[in-house]
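Structure first, commentary second.
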Amino acid sequence: MRVLIPDAQFPSGPDIELAALPEAEFMIHRAKDPLQIPDGVWAKADAVLVNHEMTIDRAVAAKLVRARMVVRFGAGFDNIDLAACAERGIAVSNVPDYGTEEVANHAIACTLALRRGLPTYTEMLALDPVGGWRWEVAPLVKRLTGQTFAIVGLGRIGRAAAARARAFGFNVAYYDPYLRADDPRAVAYLRFEDLYAMLGEADIVSLHCPLTRETHGLMGEGALARMKKGAILVNTARGPIVDTGALLKSIEQGHVGGAALDVLPKEPPDPDDPLVAAYRVPPSWLAGRLILSPHAAFYSPESWYDLRFKAAETAGLFLKENRLRNCVNYHLFQAGALPDNEIT
Ligand code: NAI
């Protein structure tokens, strides 16, 4: 059984993957572009475990002549052409349950950092410990109780963020057109059927939806203009959901108060990208209003272990026992083409 990891993001060998699937031969590559891997290697794989930076598009799927499964090392699977895989009989699974807590904590940490002024205080005291000993200069500090924490996408991470936000005294609202209003996991929060209506009420907007055709550019100029003046945007979902140029302009114009972005449209970003350039040498209107992190919301040593173990385990369950776990393109197969013994 050969398992290809085309874009391994661990420096050593596949020790964790082998702990989950000792029978497998792991073919480890550290490519960014599928073309850097010979066609013969793709063709040999019985399964592929892939990170988010490599795209499994129709052309790559066509190279997978033996593979029965692609597993996303992660929760979001926007880099995989689900239909192209299904057409070739390849099941695609994700690992949805390795870092929910980490991402929710990251969204809350960003919110608290901005609302408690930490970027401002850190920078000022590093520059001048005496002259910078001032508490009144952080621009976004505000009491949390009674503010509205608004979630776009009340799935696993959205709900984990909701529970945390409530514990800090926020009123929690959500917009998720794919969640039934009577879903027991959602009834405790204020539901909005209209995104723009929610944006007008929110003090914090936290994005937890997947990147889809519908959410690409969702937070563009129009949506940002509907946010309340001074509100904060937190994006731990996917970069292309936010138009970062429009966001920067809105902060400069004094409308959106600030933002925390764990994900960017291009990762790593182009240093000359206007938002990134402004972040590196902040003009006075941006000081204390922007936090960036390197698509790290998922990360802790514990979540990283769980992710790698579960990804290999998911491939092993299918290859060895024909048991499907977390299949995200099941609906694209003909009835009966995949086992109906989905386990979680
Ligand atoms: P999930 O599938 O449990 O939840 C997503 C929710 O978004 C669902 O309830 C769905 O109905 C909703 N949704 C779909 N389209 C929507 C739309 N147009 N508007 C509003 N809501 C919509 O997924 P989970 O595990 O909560 O993850 C959410 C996203 O977080 C992932 O798709 C991934 O892109 C991102 N993520 C980011 C990480 C990071 O390190 N920054 C790590 C893990 C996930």
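Order of appearance sets the numbers: ligands from 1, and atoms from 1 within every ligand.
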Out of I157, L179, T100, whose heavy atom is nearest to atom 24 (P) of ligand 1?
I157

Please work out whether any backbone atom (N, CA, C, O) or any side-chain heavy atom from C-beta onward of H208 is under 4.0 Å from ligand 1, and answer side chain, backbone, both or neither.
backbone

Which residue and heavy atom of the protein sit nearest atom 12 (C) of ligand 1, plus the separation
D176 OD2, 3.2 Å

Subset of ligand 1 atoms that lie under 4.0 Å from at least one heavy atom of E214
18 (N)

Crowding at CZ, F168 (>12 non-hydrogen neighbours, <6.0 Å)
no

Out of G239, G76, S303, A237, indicate the one that has the non-hydrogen atom closest to atom 35 (C) of ligand 1.
A237

Considering only protein heavy atoms, which is closest to atom 42 (C) of ligand 1, and at what distance to one decimal place?
V103 CG2, 3.5 Å

For ligand 1, the portion of Y98 having any non-hydrogen atom under 4.0 Å away
side chain

Contact partition for Y175 relative to ligand 1, non-hydrogen atoms under 4.0 Å
both

Going through the checks in order, is the salt bridge (charged side-chain N to carboxylate O under 4.0 Å, His left out) test met by D97 and R156?
CA-CA 8 Å; D97 54 347; R156 288 174 293 262; over 6 Å; no

Looking just at side-chain N and O atoms, do R325 and S93 make a donor-acceptor pair shorter than 3.5 Å?
no

Is the shortest distance from a heavy atom of G99 to ligand 1 less than 4.0 Å?
no

Is the count of non-hydrogen atoms from other residues, nucleotides or ligands lying under 6.0 Å from E267 atom CD greater than 12?
yes

Give me the nearest non-hydrogen protein atom to atom 40 (O) of ligand 1 as residue plus atom name, then the distance to 0.1 Å.
F298 N, 3.0 Å

Tell me which protein heavy atom sits closest to atom 38 (C) of ligand 1, plus the residue, atom name and distance to 0.1 Å.
T236 O, 3.7 Å

Please determine whether the number of non-hydrogen atoms from other residues, nucleotides or ligands lying under 6.0 Å from atom CD of Q334 exceeds 12.
no

Evaluate the ring planes of W304 and F73, with Trp represented by its six-membered ring, and classify them as parallel (under 30°), tilted (30 to 60°) or perpendicular (over 60°).
tilted

closest protein heavy atom to atom 29 (C) of ligand 1 is C209 O, 3.8 Å

Given R308, which partner from the list E313, E17, E302 fulfils the salt bridge (charged side-chain N to carboxylate O under 4.0 Å, His left out) test?
E17

Does L324 share a hydrophobic cluster with L332, counting links as ILVMFWY side-chain heavy atoms below 4.5 Å and allowing steps through other members?
no

Would you mind finding which of A297, P210, G155 brings a heavy atom closest to atom 7 (O) of ligand 1?
P210

Looking at R116, I want to see if its CZ is surrounded by more than 12 non-hydrogen atoms of other residues, nucleotides or ligands under 6.0 Å.
no

Should T212 be listed as contacting ligand 1, given a heavy-atom distance under 4.0 Å as the test?
no

Is the shortest N/O to N/O distance between Y178 and ligand 1 below 3.5 Å?
no

Which residue and non-hydrogen atom of the protein lie closest to atom 17 (C) of ligand 1, and at what distance in Å?
T215 CG2, 3.8 Å

Starting from atom 33 (C) of ligand 1, locate the nearest protein heavy atom and write down its residue, its atom name and how far away it is, to 0.1 Å.
R238 NH1, 3.6 Å

Tell me: protein heavy atom nearest atom 3 (O) of ligand 1, and distance?
R156 N, 2.9 Å

